[in-house]
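Counting convention: from 1, in listed order, for ligands and their atoms alike.
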Amino acid sequence: MALVVQKFGGTSVADPEKILAAARKAIRAQQGGNQVVVVVSAMGHNTDLLIDLANQVNDAPPAREMDMLLSTGEQVSVALMAMAVHSLGHKAVSLTGAQMGIHTDSSFTKARIRTISSDRIRKLLDAGNIVIAAGFQGIDDEGNITTLGRGGSDTTAVALAAALRADACEIHTDVDGVYTTDPRQLPEARHMSQISYDEMLELASLGAGVMHNRSIEFAKKYDVPIHVRSSFSDVRGTLIVSESESPTSAVCGAAMTRSEARITVQGVPDVPGSSLQLFKLLANQKIDVDMIVQNVGEENRADISFTVLNEELKKATAVVKDAVKLLGATGFTTDNEVSKVSVVGLGMAKQTGVAQKMFHAVADAGINIQMITTSEIKISVLVARGQSQAALRAVHQAFVLETTPRDAVEWTELPTRKASPTDVTKLLGDLQAADMEQLRLSDISLSDNQARVTLSDVPDAPGLAAKVFDAVASAGVFVDMIVQSCDGFQGATSISFTIPRSQYEQCMEVVEGLKKQYQIRRVTGCREICKLSVRGIGLRSHTSVAIGMFDALASAGVNVEMINTSELSVNVVVASQHGQNGLASLKKKFAENLN
Ligand code: ASP
Ligand code: MG
């Protein structure tokens, strides 16, 4: 008999009628010959209301008590859902996280799942019950109630589907699937039939609010196909699996993170460990940093720019003030009126000219790009907030995202799992033995055939990046990593990129030729650089990876010249002579996490 996990989000259980409608769906699935586990969130905005209440009695409620409080939201909805199933004449049993054996660590309000013991759920299912499981919660070794972080019911659902080896995991929500961008921002956004785990992970972490990103890490790790669909109809939704919707499209979706702020620390002594110190101080204050761009500067000093969420700017500024003194940097600037626009697609890893196309789209809309970072499946640019919507639209149009690709997958049946029997045994062993959400790296590698080119002190104007990469591309040079950042100088910018070493001389010639036309003050380069990469799943929810890399490299005396981060990998560029040394230090640092 097949086993289906159905998750209903807060809006799908917001009132008694909706609860009854969800109960009917579960019953229908059972009557279709399946065993059914239903995972529910708190009704409507109940979690928000509970947080409000907490703040009325305490400005900084203790995290343990917060979890005690928040878990009640889901306890209400599981009980009501079970009653609803009974009233429709079927058997159901509701279970809290503790009752169903979801064991977590003790990080209250953001606990990670360690193990799930599925025996009790199995027994109840075998006895003909629909099992109603409380989302978002678990229990730690001491028996304390924990919660998994906002939106964590998705993670409960996918984790249960993994632990029970479910045939399907349906996420029933108030939208009918995943769109090429948020339809509230662009009405021309298109519903996708399918999206890959990697693409969904990137989009989720870029603020495409459809799913909790940790749930996608689970799905990828344990090979759980997810079907995101509307709880108010039976139409086909979006499948999240290993493969993209179209095997040939470079870009599958675009996203905008509206409220970002940029911080540039100027004149940081360019010695091993300076970025480490800066980002450690920020991490200590639990400030998430993004779009880290470090540019090679003059007189052995570098500028480091990064973005934080606007609401964290104040906290971050305080940290940076101290860091400037500590590091002996010359100063810092901030801008709180910026937004990040990104495109994502597995296909861009295999195609050239994708970044250039994005820069062109933004330039043609007359919008200036303030910062750029690229990774293998994502390109992000920072623009003025007032122009972010226009930039998103321009990019969405440039990649024709509103039109279904000709080779888009059309599916009618849910896929079956592809994991081989040995994989399954291994996975099941893991489920009992190891932390399900533990950081797992697939490989640490060195590619030592690259060169770096840097243009500094370039007057910043719309179209600059587009023109530079046009010229480089027409010379047939293959560009890999690109970063652009703000210089300390007013209105000036720097662009660094990596290319194959064999094209270095040729590329330098092209760039020298651009100097006059674009008033580029300085062109520098390094013929012998290499890239060190750490790959795995969900590296951004494990922020310790980037810091750990900086840490290992700094202790080995290796200076980091460029960095990029994504969900799939963290890459750093270092001088070639440090490659082997750097690689060894990373392998040692992450020995425990390597598969
Ligand atoms: N009720 C929790 C929240 O609002 C968990 C969830 O909805 O997924 O964040
Ligand atoms: Mg939710």
*Asks:* Once you restrict to heavy atoms under 4.0 Å, what part of His212 touches ligand 1? Side chain, backbone, both or neither.
*Replies:* neither
*Asks:* Among Val338, Asn310, Asn336, whose side-chain contact (heavy atoms from CB on, under 4.5 Å) with Ser259 holds?
*Replies:* Asn310
*Asks:* Mark up the atoms of ligand 1 that fall under 4.0 Å of a heavy atom belonging to Thr47, in ascending order.
*Replies:*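 This gives 1 (N), 2 (C), 3 (C), 4 (O) as the contact atoms.
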*Asks:* Within a distance under 4.0 Å of any heavy atom of Ser41, pick out the atoms of ligand 1 and give their elements.
*Replies:* 6 (C), 7 (O), 8 (O)
*Asks:* Could you tell me how the ring of His191 sits relative to the ring of Tyr179: parallel (under 30°), tilted (30 to 60°) or perpendicular (over 60°)?
*Replies:* perpendicular
*Asks:* Is there a donor-acceptor pair under 3.5 Å between the side chain of Asp67 and the backbone N or O of Thr109?
*Replies:*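 Pair found, side chain donor or acceptor close to backbone of Thr109.
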*Asks:* With a 4.0 Å cut-off on heavy atoms, is Gly152 in contact with ligand 1?
*Replies:*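 Yes; Gly152 lies near enough to ligand 1 that a heavy-atom distance drops under 4.0 Å.
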*Asks:* Between Lys25 and Ser233, is there a donor-acceptor pair closer than 3.5 Å when you use the side chain of the first and the backbone of the second?
*Replies:* yes
*Asks:* Please answer whether the main-chain N or O of Ser246 pairs with a side-chain N or O of Ser249 as donor and acceptor at a distance below 3.5 Å.
*Replies:* no
*Asks:* Check ligand 1 against Gly151 and write out every atom of the ligand that is under 4.0 Å from a heavy-atom position of the residue.
*Replies:*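 Going through ligand 1 atom by atom, the ones under 4.0 Å from Gly151 are 3 (C), 5 (C), 6 (C), 8 (O), 9 (O).
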*Asks:* Using a 4.0 Å cutoff against the non-hydrogen atoms of Arg150, which atoms of ligand 1 qualify?
*Replies:* 3 (C), 4 (O), 9 (O)
